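Reviewing the structure listed below.
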Protein chains: 2
Amino acid sequence: MARSSEVCRSNCPINFVLETFGDKWTLLIVRDLMFKGKRTYGEFLESDERISTNILADRLKRLEEHEIVEKTVAPDNRSKLIYSLTPKGKDLLPVMLEITAWSAKHDATTNTPNSFLDMFAAAKDKMMSAILSELE
Amino acid sequence: MARSSEVCRSNCPINFVLETFGDKWTLLIVRDLMFKGKRTYGEFLESDERISTNILADRLKRLEEHEIVEKTVAPDNRSKLIYSLTPKGKDLLPVMLEITAWSAKHDATTNTPNSFLDMFAAAKDKMMSAILSELE
DNA sequence: GGAGGTACTTGCATTTTGCAAGCATCTCGC
DNA sequence: GCGAGATGCTTGCAAAATGCAAGTACCTCC
């Protein structure tokens, strides 16, 4: 369904994700919703990466169209809109954790000081070796 | 090290990945190397998504700079170059598997063999067991 | 030494992004 | 009930990235 609204380059699962998240900004919005407790347009604008207003509006619209994010009116203030992750959006959690683990392993400047992450990465190493040996 | 060659927007691990893979093409090259057995410039050009020659050359160069991909001369033909994943590139496997699992769950049109998902599920079970046994 | 394979590079039109400014709707205090 | 502020966008335009077609450089093989 998501694919019907745009050009589809192939039926590969990796490509499917790229057609939604293949840019520098979309995944940051998911991150802010999932890990940083941000919920409004104004809060997304304040993130370190300094997304511009037109790009933010466009990406929120696309995320809604893909049913990854949904928008509701704040109960206490009708001029305030609350963005939140749908179940489909929340299902991205394992992807986000693997990305975080990879960055923590390969980038010294990344801020992810977490002892559980080390154990997580070590277990992943075993899994990766097992699968790679089967692929070769 | 990878970050020194370009603008760095923040020290977030999600952003770190986006600075390399935040476009529509880079991850497809990793996919072709990891799952499709492609190894040469000409083979990457033949993929379903139809990457153009200048973009492919640019992305291969960046992937080399980030030490995710390395290039060697083919032993049998000195005009042929063989691209392959470095250990850092192979470490992306868990990310790729989670992306594939997410797409398989949320896109009916995605072509993902069940055998592939089964292998992933089995490996993930092993991983979870490994984590649980370390916790005890 | 010429044809064909392999890996790019270049030029240019089109598309996307980044930045600054402006606009629309709602809320709150008086 | 009205003006100031909060919130969430939209618009216009310059700059950068992308897509396409064509051309170049090096190697191999006959």
Side-chain angles (χ1 to χ4, degrees), chain A residues 5-10 15 18-29 32-33 36-66 68-85, chain B residues 5-10 15 17-29 32-33 36-66 69-85:
Chain A
S5 62
E6 61 199 44
V7 177
C8 172
R9 300 185 297 178
S10 74
N15 181 59
L18 289 175
E19 282 171 6
T20 302
F21 299 101
D23 77 293
K24 293 227 183 289
W25 298 108
T26 305
L27 208 60
L28 293 180
I29 298 172
D32 285 350
L33 284 165
K36 304 212 168 186
K38 303 197 174 189
R39 295 178 306 158
T40 65
Y41 187 90
E43 286 173 340
F44 299 133
L45 280 182
E46 290 167 7
S47 288
D48 291 342
E49 295 85 4
R50 310 271 82 186
I51 190 169
S52 57
T53 58
N54 54 345
I55 301 293
L56 177 56
D58 176 75
R59 295 306 187 275
L60 285 170
K61 188 175 131 235
R62 291 191 199 186
L63 284 170
E64 276 191 274
E65 287 167 0
H66 286 290
I68 288 157
V69 154
E70 60 192 356
K71 179 166 63 175
T72 58
V73 177
D76 58 320
N77 182 337
R78 288 209 302 131
S79 77
K80 197 170 186 174
L81 299 174
I82 304 295
Y83 289 92
S84 58
L85 290 171
Chain B
S5 63
E6 62 200 44
V7 177
C8 173
R9 301 184 299 177
S10 74
N15 182 60
V17 160
L18 289 176
E19 283 171 5
T20 302
F21 299 101
D23 77 294
K24 294 228 183 286
W25 297 108
T26 306
L27 209 59
L28 294 181
I29 297 171
D32 285 350
L33 284 165
K36 305 214 168 186
K38 304 198 175 189
R39 295 178 305 158
T40 65
Y41 186 91
E43 286 172 341
F44 299 134
L45 279 183
E46 289 168 8
S47 288
D48 291 342
E49 294 85 5
R50 311 271 79 186
I51 191 170
S52 57
T53 57
N54 53 345
I55 302 293
L56 177 57
D58 177 75
R59 295 306 186 276
L60 285 171
K61 188 175 130 236
R62 291 191 199 186
L63 284 169
E64 276 190 274
E65 286 168 2
H66 286 289
V69 154
E70 60 192 355
K71 179 167 63 173
T72 58
V73 177
D76 58 320
N77 181 337
R78 287 210 304 130
S79 78
K80 196 170 187 174
L81 299 174
I82 303 296
Y83 289 92
S84 59
L85 290 170

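Everything numeric here is computed off the predicted structure, so don't read it as measured data. Quick note: numbers below take in every heavy atom, side chains included, and nothing from hydrogens, waters or symmetry partners. Every chain is numbered from 1, with letters handed out A, B, ... down the list of sequences.
Regarding B:R78, its CZ atom lies at a distance of 14 Å from the C1' atom of C:dT6, rounded to whole Å. Distance A:I51 CD1 to D:dC9 P: 13 Å, rounded to the nearest Å. In this structure, A:R50 places its CZ atom 11 Å from P of C:dC19, rounding to the nearest Å. Rounded to an integer number of Å, the gap from B:I55 CD1 to D:dA17 C1' is 7 Å. Residue B:K71 contributes atom NZ, which lies 13 Å from atom C1' of D:dC26 at whole-angstrom precision. Atom NZ of A:K80 is separated from atom P of C:dT27 by 12 Å (rounded to the nearest Å). In this structure, the CG atom of B:N77 is 12 Å from the P atom of D:dC30, given to the nearest Å. Rounded to an integer number of Å, the gap from A:Y41 OH to D:dT10 C1' is 9 Å.
For A:R9 (side chain) and B:I51 (main-chain N/O), no donor-acceptor pair under 3.5 Å exists by modelled atom type.
With salt bridges taken as basic N to acidic carboxylate O contacts below 4.0 Å, none links A:R39 and A:D32. Using a cutoff of 4.0 Å between basic side-chain nitrogens and carboxylate oxygens, B:D23 and B:R59 are scored as salt-bridged.
When heavy atoms are screened at a 4.0 angstrom cut-off, A:F44 is found touching no nucleic acid atom at all. Looking at heavy-atom distances under 4.0 Å, A:R59 makes contact with sugar-phosphate atoms alone, never a base. A:K61 comes within 4.0 angstrom of nothing in the nucleic acid, heavy atoms only. Using a 4.0 Å heavy-atom criterion, one finds that B:N54 contacts the bases of the nucleic acid, with or without backbone contacts as well.
Note that the SG atom of B:C8 and the CD atom of A:E49 stand 9.0 Å from one another [nearest 0.5 Å]. The CG atom of A:N15 sits 10.0 Å away from atom CG of B:L27, with the distance rounded to the nearest 0.5 Å.
Between B:T53 and B:R62, the residue anchored nearer the 5' end of DNA chain D, judged by the nucleotide with its closest heavy atom, is B:R62. Of the residues near DNA chain C, A:D76 and A:W25, the one whose nearest nucleotide (by heavy atom distance) lies more toward the 5' end is A:W25.
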